[in-house]
Every structure is written in structure tokens, then in C-alpha cells.
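Heads up: the structure comes next, in C-alpha cells.
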Amino acid sequence: MTGTFPTVTREDDAKFVEMAARIGAVAAAHAAEHDRDATFVSEAYEAMREEGYLALAVPEELGGLGATMRQVCYAQAELARHDGATALAVTMHLYLTLMQGYRRRKGAPDAEGVLRRVAAEGLVIATSGGSDWLWPTTTATPVDGGFLVNGRKAFCSQSPRANVVATSAVLGEEVLHFSAPLNADGVRIEETWDTLGMRGTASHDVVMQDVFIPAGKIAARRPYGEFGAPLFAAVVHFAPVCGATYFGIASGARDVAVRSTSKNAARQIGLMDYKLRTAWWSLMGSIDELGSDYTADAASTVTVMLAKRQAVVEAIEVVDVAMEVLGGRSFFRRSPLERAYRDVRAGTFHPLTPEATLVYAGKVAQGDPGVTE
């Protein structure tokens, strides 16, 4: 085998890759059982806690490891080579940590406290973003000192380990964004996660019944049905990390195919490498295009979402080619490609979906940055 992906183009890109590989080895040892039983990847999270990986994107001056978005992507690609479910679960925490770093740079008064808690207390943040998106159905009712929130949140990855969920609720014609402790009165987790793939993420439902959210804990507001500042900040940091995760699954599948086949598959291997390289160039190019002093807005959203689309679509095709190379051997449940085949397909369901990405990019080009289908 002539090496794996992604290739390192800058001296510090791979700073945290060895750490991710160590955690990945732990994850891989338990991946089959968690996939079989749809149980949470708890051993990998314990390894993350010991290594400090959960504070990967927290600035060093706040007690974290200070990883850039590029470095987080390199680490996540490595972790996903070992187990996609572990990498996707922690993607949700890491992108929110990156987002808090951005909010801190932009002057948000609450962001530094969150980052310090991630580093000092091991705070793990879940999100309901995949189910809420532009039109959440959860409602907020005004009461003295705050709001009572009621509703159900689906796709809350890592909910068995998380401490808080970053979420939102509708109040009239606007959406309130806030975080709710998962041990708060009225919050419960319903174990609904029984899916085709990514089974170890334990992305259960979080149910909220008359959960009190103090008025001072409302982090942001936006018009109902529009991105607004909160969602722009979220998606700009989610897209690259998510794309890197699915890239990593495909990279691992490619490696299995290269190790397990003959020279007769040279063209198919070349095809996989072509797709992986162009996908990675797209992800890294999008981050470079953002620059170091970016603003989360419609233009930056298009930049990273198009790159995520490229990574997700190519990742699925790479896994398919890898299975073609191995032939019938890949069809057995014992094959690592069988799980990769199922896991990688989850990439098409994250907002923005591949098709919605194209629609949104076109709308922005036409001067309509606010909404998507």
C-alpha cells in the first residue's frame, strides 16, 4: 500500500492525527458490538476524555488544545477511518466548540465561559440542529424570568454522554437559540435510535416538557424560516468537520480494498484515489477560502456546504468502488466494508442535503441568502 489519505500539505496539519489514531484504535475494538446493539461508543469517549480530545478546538489560553478547523478536520478524518460512528458523534461536539470559538472572537459574552467548561469540566455539547433546522416545532412560552419549552428533538447524537443540548424553540414569529442541561427538570432521553447505519452514535430523541429556560440564557434569536446569525455560525463550522468525517470513512474503505486485492484492480484504486484527493482538496480549499477572519454568512455557507457536498457524494462512491474491488467478500457482515457502506450513507441526510446545497447555492447567486428548501 502506497499510503493513505488525507495527505499532509502543511507542517502542522497532522498535529493531532496520532491522538485521533489512538482513540480510533479503542473505537475500532468495540465498533462491531456497538453497531450490532445500537449502543453508544462509550469506550471511545472515555479515551477522548483521557487524551483531551473533547477540548481539541478550545483555545490554548482557555485550557484546550487550540486546534484550528483544518487540524480538527485532519483529526476527524483519521478517527473516522477507524470507526465512523465515533467520529460522527464527536463531530457534533467539536463543531459546536469551533462555533463557540468563533462567537468569542466576534464578542459573544457567553462563549468564553462555555469553552472554559469544555476544557476544565469535560463539558460535552449535543445538538438538535439536524431536526430543528429552519423550522423547529418546539415551542417557547413566556413566563416570569424566562420561558417554558415543550417539544421533541430528534437526531441528538451522543445524548448518553452529553451534558447539554444546543437547541431552539419557536416564540411567535422568531426562533430562540439556547442550551438546555440534559439533567434539567422536564428533560428526558427516549432511546429511539434503531437505524441502518451510524448506530453507535446513539442519536436518540430528547423530549422537553415544561423545561424552564431563563431569559438570560437565550444566546441568540432569528426570524422563523431564515438562517440568521445563529444558523450561519453553526453551518459554517459544521460542514467542514462533517465532510471530513465521511471522507475518513471512505479513506478507510479504500485502504481495505488496497490491502485485500490484486494488481488487476489498479484502475479502480486509481479512481478511488482520484475521488478522495479531489474531495479533500475541496474541503481544505473551502477552509482556506474562508481565511482566518471570516464572517459566517450566506457566502461562507455556500463555500463550505459545496465542499461538504463534494466530500459526502464522493465518499459514498468510494465505498461502493471498494466493495466492487473486494466483490462478494464485502457482502459479509464480518467485512469492515459492510458497516462502512451503511455508515457513509448517513452523510446525505445532514443539512444541507446534497440537493438542497445546490438549490441554496443557486438562490444565493440570485440574491436570496435567507432561506432554503
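As the structure is a computational prediction, the values presented were derived from the model and not from experiment.
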Can a donor-acceptor pair be found between the side chains of [X] and [Y] at a distance below 3.5 Å?
X      : Y      : value
Asp205 : Thr192 : yes
Glu33  : Thr39  : no
Gln158 : Arg161 : no

Donor-acceptor check, side chain of [X] to backbone of [Y], threshold 3.5 angstrom: yes or no?
X      : Y      : answer
Trp193 : Met198 : yes
Thr201 : Thr86  : no
His204 : Phe155 : no
Glu289 : Thr303 : no
Thr295 : Asp297 : no
Arg342 : Leu196 : yes
Thr353 : Phe349 : no
Glu314 : Ala311 : no

Pair [X] + [Y], salt bridge at N-O below 4.0 Å:
X      : Y      : answer
Arg105 : Asp293 : no
Glu190 : Arg188 : yes
Glu191 : Arg199 : no
Asp110 : Lys217 : no
Arg70  : Asp12  : no
Arg222 : Glu174 : no

Any side-chain heavy-atom pair of [X] and [Y] under 4.5 Å:
X      : Y      : answer
Leu65  : Glu60  : no
Arg254 : Lys275 : no
Leu358 : Arg309 : yes
Ile269 : Asp273 : yes
Lys308 : Val312 : yes
Val235 : Val304 : no
Glu50  : Ile23  : no
Phe212 : Asp185 : no

| request: May I have the step-by-step check of side chain to side chain contact (heavy atoms under 4.5 Å, CB included) for Val114 and Ile125, ending in yes or no? | output: CA-CA 10 Å; Val114 175; Ile125 313 169; 3.9 Å; yes

In terms of hydrophobic clusters joined by side-chain contacts under 4.5 Å, are [X] and [Y] together?
X      : Y      : result
Val143 : Val211 : no
Met48  : Val124 : yes
Leu283 : Phe16  : yes
Met19  : Leu94  : yes
Met272 : Trp280 : yes

Considering non-hydrogen atoms only, spot the tightest contact between [X] and [Y] and give its length.
X      : Y      : value
Met305 : Leu352 : CE-N, 3.5 Å
Phe147 : Leu171 : CE2-CD2, 3.6 Å
Val72  : Ala57  : CG2-CB, 4.2 Å
Ser251 : Leu276 : N-CD2, 3.9 Å
Glu78  : Val17  : CG-O, 3.6 Å
Gly64  : Ala119 : N-CB, 4.0 Å

| message | Given Lys153, which partner from the list Val207, Thr138, Thr127 fulfils the side-chain contact (heavy atoms from CB on, under 4.5 Å) test? | response |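 Running side-chain contact (heavy atoms from CB on, under 4.5 Å) over Val207, Thr138, Thr127 with Lys153 returns exactly one hit, Thr138.
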
Identify every side-chain donor-acceptor pair in residues 318-333 under 3.5 Å, counting partners at least two apart or on other chains, and give the distances.
unit_1, atom_1, unit_2, atom_2, d
Asp320, OD1, Arg345, NH2, 2.9
Asp320, OD2, Arg345, NH2, 3.1
Glu324, OE2, Gln268, NE2, 2.5
Arg329, NE, Leu326, O, 3.4
Arg329, NH1, Ser260, O, 3.3
Arg329, NH2, Ser260, O, 3.1
Ser330, OG, Met323, O, 3.4
Ser330, OG, Gly327, O, 2.7
Arg333, NE, Glu338, OE1, 3.4
Arg333, NE, Glu338, OE2, 3.3

[X] [atom1] to [Y] [atom2] distance, which is reported to the nearest 0.5 Å:
X      : Y      : atom1 : atom2 : value
Asn163 : Asn183 : CG    : CG    : 8.0 Å
Arg152 : Ser128 : CZ    : OG    : 13.0 Å
Met284 : Tyr74  : CE    : OH    : 6.0 Å
Thr137 : Asn150 : OG1   : CG    : 11.0 Å
Ile189 : Cys156 : CD1   : SG    : 8.0 Å
Asp37  : His30  : CG    : NE2   : 13.0 Å

| task | Show the numbers, then the answer: is there a side chain to side chain contact (heavy atoms under 4.5 Å, CB included) between Leu62 and Glu112? | result | CA-CA 8 Å; Leu62 302 182; Glu112 182 168 321; 3.8 Å; yes

Check for me whether the distance between the ring centres of [X] and [Y] falls short of 6.0 Å.
X      : Y      : result
Phe40  : Tyr45  : yes
His350 : Tyr246 : yes
His237 : Tyr102 : yes

| request: Check step by step if ring pair (Phe, Tyr, Trp, His ring centres under 6.0 Å) holds for Phe227 and Tyr360. | output: CA-CA 11 Å; Phe227 272 105; Tyr360 185 67; 5.1 Å; yes

| request: Check whether more than 12 heavy atoms from other residues, nucleotides or ligands sit under 6.0 Å from atom CD of Glu61, and answer yes or no. | output: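 More than 12 within 6.0 Å, yes.
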
| query | Are more than 12 heavy atoms from other residues, nucleotides or ligands located less than 6.0 Å from atom OH of Tyr224? | reply | yes

| remark: By salt bridge (charged side-chain N to carboxylate O under 4.0 Å, His left out), Arg117 pairs with (sequence neighbours left out) Glu121

| request: Step by step, work out the side chain to side chain contact (heavy atoms under 4.5 Å, CB included) result for Thr348 and Ile316. | output: CA-CA 9 Å; Thr348 62; Ile316 292 171; 3.4 Å; yes

